[in-house]
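The structure appears below as structure tokens.
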Amino acid sequence: MTQYLRNSLWLLIPLLFLFLLTGCTATTPLSGWSGVVASGDNLILGSMSGEVVTLGREGEVIDRTALVEGATGGLGCASSGPTVYIYGTPACDGDMVYVAASDGKLYVTNLANQLSKSIYLDESNPQPIFSSPVIWGQNIYITSSDGKIYCLDKGSLEEVWHYEAKDKIWATPVIYGESLFVGSLDRNIYALDLRSGDLIWSFEGGGSFVTSGVIADDTLYVGSMDRYFYAIDINTGELVWKSSEIAGRWFWTDAVVLDDAVYAPCLDNKVYAFDCDSGDLKTTIVLDGRVASSPVLIQDKIVLVTEDGKLYSIDKTQQSKKLLDLGYTILAPLNYYNEVLYIHTQTEERVLAIDVDSGTILWSTPLR
Amino acid sequence: MNIWDIAILGPMINVMIVFSHYLFGSFGLAIIVLTLLIRSAMLPLTLRQLRSSKKLQDLQGKMAELQKKYARDQQKLAAEQMKLYREAGVNPIGCLLPMLIQMPIWIALYQSIIRISGTSPDSFLSLSSYLYSWDIVYQALPVDNMFLGMNLAYPSILLAILVGGSMWVQQKMTTPIAQDPSQQAQSQIMLIMMPLMFTFFSITFSSGLALYWLASNIFSIVLQYFISGWGGLRPARNKPAAGGVIEGKKVVKKK
């Protein structure tokens with residue numbers, strides 16, 4: 001019997017550790033995919049190491065400031081890495097940089113004197129923030145996984161108001177006129193009064209919304225996780241149209257409006273072009289991979305990148321052209337300033353500056 | 001997508017989402033029902049294991065005799081023990097087979113829970129690759145991670161303790177009553193080590209997996225009860241008489 005017990009014990013221990021190892025390998029650890037924002041002559045982004053990185057216009061690293069010093073250990077499947085992750089693109093207001101992080105805090109840094117402070121959006125229940133802060137007037141608007149959208153005074157960071165949805169909010173709010181629009185995982189799009197936070201209307205879709213959409217001609221265009229694309233009247237919250245075609249997978253990124261069509265990238269490796277007025281499907285553009293990062297409008301072209309790094313442009317005749325095969329995983333939104341496209345890559349973490357017209361990489365700065 | 005994703009992870013993810021849709025949107029209930037289905041599918045194997053354990057318990061008397069007889073010759077003892085196992089048709093390692101088979105299920109379940117619970121955009125983005133084109137799957141997402149006040153995406157101390165406790169009960173029911181002190185010590189180590197390890201895993205992993213272990217342990221306890229009663233959980237009322245060993249409740253006089 002002793003032999004049996006001994007055998008059992010020594011067989012079990014390696015097997016259980018094997019379970020620990022294999023069980024962990026295929027999990028999806030947090031990474032962060034902040035976009036790049038221009039501030040004066042500099043570019044600012046949140047790195048996958050939980051730092052706020054400042055680059056010069058030639059790609060030189062000017063400053064790296066960790067939001068939180070130290071790293072987490074890794075017991076079991078808890079991966080070792082930074083203690084905070086940055087998913088949202090920082091917001092800049094003069095020398096002030098506002099960064100939202102996965103620890104439920106909003107960090108504010110003054111680039112001029114490097115003084116910084118941070119606050120929990122809800123200290124009693126800190127939940128990760130996966131969206132970007134939006135500055136509008138004297139306030140800053142930010143959403144959280146606690147299901148709330150907060151309006152804070154951008155100077156004192158004191159709460160002005162908050163509105164609570166029924167589930168997590170991962171989408172960055174969109175501000176238009178005197179209203180704020182935000183999508184939630186509770187399947188609703190909410191329109192709130194910018195000053196009071198009062199609900200103006202809510203629209204319930206068939207699935208969750210991970211983006212807040214794009215507004216053109218008093219219509220909000222947004223894709224949902226139910227694989228349908230919606231056009232909603234921003235004044236009444238009424239449905240203008242819903243796509244008749246069901247997509248292969250869900251809509252994950254923002255859409256772009258160009259002329260009379262709204263272009264909606266989807267995780268099914270396609271870009272759907274709907275007529276803005278009728279919702280009729282004009283065409284479907286098939287790409288070599290799925291698009292998980294929000295595209296940009298550059299002059300009269302839509303520029304987008306697939307998750308595996310293939311950069312495309314789509315013109316107003318719905319013709320697509322592959323510009324570059326970058327070879328990196330890209331989940332961060334694309335950003336375009338002063339005729340240069342900036343991309344934050346999630347493999348070999350880099351910032352790329354690309355001249356879209358010539359299809360050349362101007363510079364590539366590693367962040368690791 | 002590799003073969004693991006296509007053959008195991010994908011089906012498990014989609015089935016769990018569909019279950020949670022029909023079970024009032026509760027991810028916790030989906031895990032419990034899936035556990036019961038998996039354990040029921042493995043019932044023939046489990047019954048074999050339980051009967052094997054029972055036979056091992058029944059062999060205790062003879063084992064004690066062998067240990068006494070060959071106390072000074074460990075090699076001979078091992079050979080005789082193996083002979084005894086063979087004659088009784090028992091494979092001591094065979095008891096571990098159901099656990100071995102369950103291991104890929106644990107791994108798949110853990111990976112499924114992480115993806116379905118969608119605590120971060122990364123896990124949701126990853127989940128999208130596994131979803132079948134069934135409307136119901138898309139309607140069911142995101143699932144409700146809250147179950148009896150616990151968020152199944154995160155570890156739960158309470159569930160971890162329950163996993164450890166139920167595993168101890170299950171182990172205690174199947175552990176044969178050992179006679180000599182060294183055997184008893186080994187049994188005690190085994191009896192404590194496994195529940196401790198699983199308690200540790202439960203604290204480390206998301207509590208959805210702990211819920212699977214707890215439901216699975218309760219299933220085993222109930223099954224074990226119907227096969228061999230309370231087993232080792234019964235208070236040992238009889239002490240071995242001088243020169244005798246306990247075989248169940250019967251004291252057998254040595255020849």
Side-chain angles (χ1 to χ4, degrees), chain A residues 1-9 11-13 15-33 75-78 85 87 102 127-128 130-131 145 167-168 170 185-187 206-208 210 224-228 246-250 252 267-268 290 292 307 331, chain B residues 4-5 9 56 59-60 63-64 67 77-78 81-82 85 92-93 95-96 99-100 103-104 106-107 110-111 114-115 118-129 131 133 135 138-139 141-142 155 175-176 178-180 182-183 186-187 189-190 193-194 197-198 200-201 203-206 209:
Chain A
M1 197 60 207
T2 311
Q3 192 66 33
Y4 155 65
L5 286 169
R6 203 173 286 149
N7 285 344
S8 308
L9 203 60
L11 192 71
L12 270 179
I13 290 171
L15 282 174
L16 287 170
F17 276 101
L18 185 73
F19 164 64
L20 262 180
L21 284 174
T22 49
C24 293
T25 50
T27 60
T28 47
L30 295 176
S31 55
W33 48 60
L75 267 183
C77 285
Y85 295 87
Y87 283 79
S102 64
Q127 293 293 317
F130 296 120
S131 58
S145 295
D167 204 342
K168 302 180 188 88
W170 290 349
L185 295 196
D186 68 9
R187 301 162 189 237
S208 298
V210 288
S224 167
M225 282 172 59
D226 66 354
R227 299 179 289 167
Y228 285 99
I246 190 164
R249 300 206 181 275
W250 58 53
W252 184 259
L267 291 180
D268 64 359
R290 63 181 193 171
E307 190 178 347
L331 303 168
Chain B
W4 168 263
D5 292 339
L9 199 53
L56 274 172
L59 288 178
Q60 280 304 287
M63 290 297 287
Q67 272 168 347
L77 174 64
Q81 281 177 334
M82 288 316 291
Y85 287 144
I93 307 296
C95 299
L96 297 174
M99 194 173 271
L100 280 177
M103 207 154 296
W106 293 347
I107 294 167
Y110 174 70
Q111 293 177 356
I114 290 292
R115 284 176 173 88
T119 51
S120 73
D122 309 59
S123 52
F124 251 51
L125 200 50
S126 165
L127 175 67
S128 73
S129 311
L131 300 180
S133 57
D135 279 349
Y138 290 87
Q139 284 164 19
L141 286 170
T175 303
Q179 314 313 315
D180 85 48
S182 70
Q183 269 185 34
Q186 288 274 3
S187 300
I189 290 171
M190 194 72 177
M193 189 133 176
M194 287 288 286
M197 278 173 83
F198 274 81
F200 169 73
F201 291 155
I203 293 171
T204 312
F205 294 123
S206 53
L209 189 61

At what distance, to the nearest 0.5 angstrom, does [atom1] of [X] lie from [atom2] of [Y]?
X        : Y        : atom1 : atom2 : value
B:Phe124 : A:Leu185 : CZ    : CG    : 6.0 Å
B:Leu131 : A:Met225 : CG    : CE    : 8.0 Å
A:Trp250 : B:Leu141 : CH2   : CG    : 5.5 Å

Interface moiety of A:Asp167 toward chain B, non-hydrogen atoms closer than 4.5 Å: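 Side chain only.
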Part of A:Arg227 lying under 4.5 Å from any heavy atom of chain B: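 For A:Arg227, the side chain is the part near chain B, not the backbone.
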Counterpart residues, side chain to side chain donor-acceptor pair (under 3.5 Å), relative to B:Ser129 (two or more places apart):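 Per chain and number, B:Ser129 pairs via side chain to side chain donor-acceptor pair (under 3.5 Å) with A:Arg290.
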Which of B:Pro142, B:Ser206, B:Ser128 touches chain A most, by non-hydrogen pairs under 4.5 Å: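 Max contact count across the listed options: B:Ser128.
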Side-chain heavy atoms of A:Lys168 within contact of B:Thr119, under 4.5 Å: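 No - every pair of side-chain heavy atoms lies 4.5 Å or more apart.
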Test ring-ring contact (aromatic ring centres under 6.0 Å, His included) applied to A:Trp33 - qualifying residues, sequence neighbours left out: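 Partners of A:Trp33 under the ring-ring contact (aromatic ring centres under 6.0 Å, His included) test: A:Tyr87.
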